[in-house]
Amino acid sequence: MNGVTSIIIPTYNGLHLLRTCIEHIRLYTEVPYEIIVVDNGSKDGTGEYCVREKLRLVSLPVNTGFPIACNYGLRLASGEQLLLLNNDVFVSPRWLTHMNQALYSADNIGIVGPVTNYASGIQQVKVGYADRTAYIQEAERWNTANPAQWQEVNRIVGLCYLFKRTVMNEIGLLDETFSPGHYEDDDYCYRARLAGYKLLVTGNVLVHHEGSASFRSRFPGGFQELIERNRRRFVEKWNVDPLQFIVERGDAS
């Protein structure tokens, strides 16, 4: 690992989630990091909270969606490791230590992601906890230094998405045509793989994901329609169906 990891958190009217997200980062991160919150025009006091907590803040006037917000944060980031984190993801002991170890386990590893209670594909695992305290207790047992639990995959879900700055320097930022979100992470994975990078799921890191909270609140009636629209955009861009990458290595949930 090289120096600081920049943790970029886009958020929209999710202060109740963001507080817990930040609290967990501060409690359970053992390596150098910076937090950049990109506020997508929230009206719930998010900006004031970030100022009080002395967080780096990008305050946007309107909700630009996930890819655009992430790109604002990436442009400001100073770290050699870049991590895109959903505001409804709560991390656990040794999470970033183990993810960074996986990221630097080989020169050609480009992107890594953890396992979680809620995601598409192989990153979703069965958990036994029912509350935050039990989650941390389970994660304490789960998060061990065990490279045997790393697995090469063809896609990493963007909920907790760690990559090297060298990857961004080579393939660029997220594709904003996927705004407000979905499949921009698949697109980034595909571009990284075309550039010769490999992707790893760190099965020795468990994070908790509340699950598409912002998107479901913003698009209550058209959530599935949004996903399908962006899948078609991916197909039009690459002439490849991204769903094949879910099943190619047995990644289907």
Using the ring centroid of each side chain, check whether Y190 and F245 are separated by less than 6.0 Å.
yes

Not counting sequence neighbours, which residues clear side-chain hydrogen bond (donor to acceptor under 3.5 Å, both in side chains) with [X]? List them please.
{"X": "Q137", "result": "none"}
{"X": "D185", "result": "none"}
{"X": "Y49", "result": "none"}
{"X": "S179", "result": "none"}

Roughly how far apart are [X] [atom1] and [Y] [atom2], rounded to 0.5 Å?
{"X": "D186", "Y": "F178", "atom1": "CG", "atom2": "CZ", "result": "8.5 Å"}
{"X": "N13", "Y": "L18", "atom1": "CG", "atom2": "CG", "result": "11.5 Å"}
{"X": "C50", "Y": "I36", "atom1": "SG", "atom2": "CD1", "result": "11.5 Å"}
{"X": "L83", "Y": "C160", "atom1": "CG", "atom2": "SG", "result": "4.5 Å"}
{"X": "E184", "Y": "C189", "atom1": "CD", "atom2": "SG", "result": "10.0 Å"}
{"X": "L199", "Y": "Q151", "atom1": "CG", "atom2": "CD", "result": "11.5 Å"}

Check for a donor-acceptor pair, side chain of [X] on one end and backbone N or O of [Y] on the other, with a separation under 3.5 Å.
{"X": "N230", "Y": "R233", "result": "no"}
{"X": "N86", "Y": "D88", "result": "no"}
{"X": "N63", "Y": "G41", "result": "no"}
{"X": "N40", "Y": "F66", "result": "no"}
{"X": "E138", "Y": "Y129", "result": "yes"}
{"X": "Q101", "Y": "A145", "result": "no"}
{"X": "Q124", "Y": "V115", "result": "no"}
{"X": "Q123", "Y": "P114", "result": "yes"}
{"X": "K198", "Y": "E152", "result": "no"}
{"X": "N117", "Y": "V127", "result": "no"}

Pairwise ring-ring contact (aromatic ring centres under 6.0 Å, His included) hits with a residue in residues 70-90, at least two apart
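Applying ring-ring contact (aromatic ring centres under 6.0 Å, His included) to every pair that reaches into residues 70-90, excluding sequence neighbours, yields H24-F90, F90-H208.
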
Begin with the C-alpha distance, continue with both residues' side-chain angles, and end with the deciding distance and a verdict on side-chain contact (heavy atoms from CB on, under 4.5 Å) for Y104 and I109.
CA-CA 7 Å; Y104 285 95; I109 302 300; over 6 Å; no

I need the full list of salt bridge (charged side-chain N to carboxylate O under 4.0 Å, His left out) pairs touching [range], with sequence neighbours left out, sorted by first then second residue.
{"range": "residues 94-113", "result": "R94-E140"}
{"range": "residues 170-181", "result": "R75-E176, D175-K237"}
{"range": "residues 14-38", "result": "E23-R132, R26-E53, E34-R56"}

Show the numbers, then the answer: is there a side-chain contact (heavy atoms from CB on, under 4.5 Å) between I68 and N71?
CA-CA 5 Å; I68 292 173; N71 286 346; 5.7 Å; no

Using the salt bridge (charged side-chain N to carboxylate O under 4.0 Å, His left out) criterion, which residues pair with [X]? Sequence neighbours excluded.
{"X": "R191", "value": "D187"}
{"X": "D39", "value": "none"}
{"X": "D241", "value": "R231"}

If we count only N and O atoms by modelled type, under 3.5 Å, do the side chains of N204 and T202 hold a donor and an acceptor together?
no

Do [X] and [Y] come within less than 4.5 Å of each other through their side chains, counting heavy atoms only?
{"X": "Y188", "Y": "M168", "value": "yes"}
{"X": "L74", "Y": "L82", "value": "yes"}
{"X": "L85", "Y": "C21", "value": "yes"}
{"X": "Q81", "Y": "Y33", "value": "no"}
{"X": "I171", "Y": "L194", "value": "no"}
{"X": "V207", "Y": "Y135", "value": "yes"}
{"X": "V112", "Y": "S105", "value": "no"}
{"X": "L159", "Y": "Y118", "value": "no"}

Look at atom CG of N108 and say whether more than 12 heavy atoms of other residues, nucleotides or ligands are closer to it than 6.0 Å.
yes

By the definition side chain to side chain contact (heavy atoms under 4.5 Å, CB included), identify the one residue from L27, L17, I9, I7 that meets it with I22.
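Looking at L27, L17, I9, I7, the match for I22 under the side chain to side chain contact (heavy atoms under 4.5 Å, CB included) is I9.
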
May I ask you to decide if the ring planes of F163 and Y161 are parallel, tilted or perpendicular, using 30° and 60° as cut-offs?
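Answer is perpendicular, since the angle exceeds 60°.
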
Could you list the residues that satisfy side chain to side chain contact (heavy atoms under 4.5 Å, CB included) with N146, not counting sequence neighbours?
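In terms of side chain to side chain contact (heavy atoms under 4.5 Å, CB included), with neighbours along the sequence ignored, N146 is linked to T144, A148, Q149.
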
